[in-house]
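In what follows, chains carry the letters A, B, and so on, assigned in the order in which the sequence lines appear, proteins first and then strands, with residues in each chain numbered from 1.
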Protein chains: 2
Amino acid sequence: MGRGPTSKDVARLAGVSQSTVSYVMSGKRSISAETLRRVEEAMAALNYQPHAGARALAGSRTNTIAIVMPFASAYDAGQLMAFVEEFVLAARVHDYDVLLVTAEEGIEGLRRITGGRQCDAAVVMQVTAQDQRADLARTLDFPVIFIGVPEDTTGLACVDFDFEAAGRLLVEELADLGNTRLSVLGWGADSVGRDYNYIGRFARGVTGAAEAHRLPVDWHLAPAADGFAAVLDAGLHPDGGRTGIIMTAGLSGGMRALALRGLVPGRDADVVALCTEAEAEEQVVPLTAVSTQPRDVSRMVAERLFALIDAGCPAQEGVDIVPATLVRRASTGRA
Amino acid sequence: MGRGPTSKDVARLAGVSQSTVSYVMSGKRSISAETLRRVEEAMAALNYQPHAGARALAGSRTNTIAIVMPFASAYDAGQLMAFVEEFVLAARVHDYDVLLVTAEEGIEGLRRITGGRQCDAAVVMQVTAQDQRADLARTLDFPVIFIGVPEDTTGLACVDFDFEAAGRLLVEELADLGNTRLSVLGWGADSVGRDYNYIGRFARGVTGAAEAHRLPVDWHLAPAADGFAAVLDAGLHPDGGRTGIIMTAGLSGGMRALALRGLVPGRDADVVALCTEAEAEEQVVPLTAVSTQPRDVSRMVAERLFALIDAGCPAQEGVDIVPATLVRRASTGRA
DNA sequence: TTGTACGCGTTATCAG
DNA sequence: CTGATAACGCGTACAA
């Protein structure tokens, strides 16, 4: 494997000093039009590309951002991909590359990456309420952005989707449609709520809005959801009432449960979901839904991160929230 | 952002020379038990981690592998994620990290990554029949592994799933079940076939087996697939015959088309698919299917790549094929 | 078994 | 506006 041309080779060919070549690239001092031309020609002729390692060593910046990613996770793969793609694109705009680290490496992964100076910043996804990586980040003097909100956010930069508003929007939609009670299939109200706190925030949104509209709610945990099946079997609209359905986790299971009983969303019941746009649209009856917008989250993360990097700050405390919006489709009678 | 301890700091604390520290890490010369202990203690005490850039510069290896990934692609997101996860895990076993590059950067992306010595090898996914990146790789003297098979494979290392066998297996399954004709929803037989040659290979597998069993086949392109709808409307089993259905692309659309007409896979027709395991299992009626096994492909790629790296070869010509297997589920009467 | 000394290809400082 | 030159932190002959 050939060694490749160095800035010294470029300098020789252009008839200038090596440092001049460096300055041409960085633009940190003014260059005469003539030398500029000759250096650029030489670079093109040699197909020169600066050595990343040497650059990192001398300049102490890698132009790389690590993203710590949960693969086998509660998140949907499409969501993850969308997030990552958007992030990589944003990074490229700022001339940064992206290093992938699995969340499985846990806290050691973050330590390894930051300690070895392989990157200038890190993004940590799927943050839990009590996340060790949050504690590490506080001691690190290194820019880290968290996706998700740990319990203690002091000294941390976090970004997350507005799950509370999502819950509220879904309930209000069902209330507006005249439903008199709600059945939620997905994460449990409090059981799972302590691990990822977005579950709790979503539940709070649902509960708050349901109370405001005086709607009783019953929760069923996916994927077992025997209770949910029981609700369907008992009849969705007892006593002249009307049961609206909210789905979060276990969407495909829930849809199957409906289909097996000949229940059609939008006709036999109003069904809304918190899911991806793709999922909402690929159902037999497309779902009225609030979709977590991974690309919006990604853009917000990138914006904030590059602001940090440019400023040279380790981290800027604060939680950014990506707004939730509801899209109406055929699964609610209205559309 | 503090500079972090260097091997010199470790050396000073351990009372040895810097080179000794280096040799302790590389294991490239024998160290007395005593010095070994002291160096390791010093490293632990300082929480030392070698500077990746300095390492790359001095040792001319980055311990990083780039993976060129198509995000918004014909591939399913779950497939991509599974592939990447498996690859990252394999890489970590060999003490390598993974750099993510979007296929959108095209040929320049590959050039940039390899030229800048940001990685020791690259994996290029979603290779087309006439892929410019293949031509670049041949001139590069740099280990690259392609996923997918370009038309001209001389000098290239490729890995791919056995799409031809997949087509054959699906046809044979339908033939065994007594179907007398086949309807294929997905990629066109030849129209799209020139771009990604796996489409052609799949078509060849289908056609070959269909001819062997004397089954007529009609092809319908997703996502429009008006012809497919027409077949359904015309009745699947005319003249005492029996139409078996094969789905590749446009799976959800195809399933919806069946559902809208009250057709239940396994009851009203035998349906088989080439799709992911997840897709096969999350249908209302789980699908008998051949699943491209991204993790198998990933492992094969990793194995081959690290063999190359360890050997120091630029690339070892040859196409590796990951075998196809069919899993029976409820969508064919049998299961 | 260990230490010395040099080079890897940049960036950045200091002269000119 | 430009050219020498000293870091940057680690790998590795070469010497002892």
>> Would A:V297 and A:D160 count as a side-chain contact (heavy atoms from CB on, under 4.5 Å) here? Give the steps.
In response: CA-CA 7 Å; A:V297 176; A:D160 208 354; 5.9 Å; no
> Just to confirm, is there a sub-4.0 Å distance from OP1 or OP2 of D:dT2 to any side-chain nitrogen or oxygen of A:S32?
Replying inline: yes
> So what does B:S60 hit on the nucleic acid, given a heavy-atom distance under 4.0 Å: a base, only sugar-phosphate, or nothing?
Replying inline: nothing
> Where along nucleotides 7-12 of chain C does protein come under 4.0 Å, by heavy atom, of base (B) or sugar-phosphate alone (S), with - for untouched nucleotides?
Replying inline: BBBBBB
>> Less than 4.0 angstrom between a side-chain N/O of B:T20 and OP1 or OP2 of C:dT1, yes or no?
In response: no
>> How many whole angstroms separate atom CD of A:E34 from atom C1' of D:dT2?
In response: 14 Å
> A:N63 side chain to A:D95 main-chain N or O, any donor-acceptor pair under 3.5 Å?
Replying inline: yes
>> Tell me whether the side-chain N or O atoms of B:R29 pair up with the base of C:dG3 as donor and acceptor below 3.5 Å, since no angle test is needed here.
In response: yes
> Whole Å only: how far is the CD1 atom of A:I31 from the C1' atom of D:dT2?
Replying inline: 8 Å
> When you measure from the side chain of B:R304 to the backbone N and O of B:C158, does any donor-acceptor pair fall under 3.5 Å?
Replying inline: yes
>> Donor-acceptor pair, distance only, cut-off 3.5 Å: does the side chain of B:R295 make one with the backbone of B:E85?
In response: no
>> So, using side-chain hydrogen bond (donor to acceptor under 3.5 Å, both in side chains) as the criterion, who are the partners of A:T139 when residues are at least two apart?
In response: none
> Does A:R37 have any side-chain hydrogen bond (donor to acceptor under 3.5 Å, both in side chains) partners at least two apart in sequence or in another chain, and if so, which?
Replying inline: A:E34, A:E41
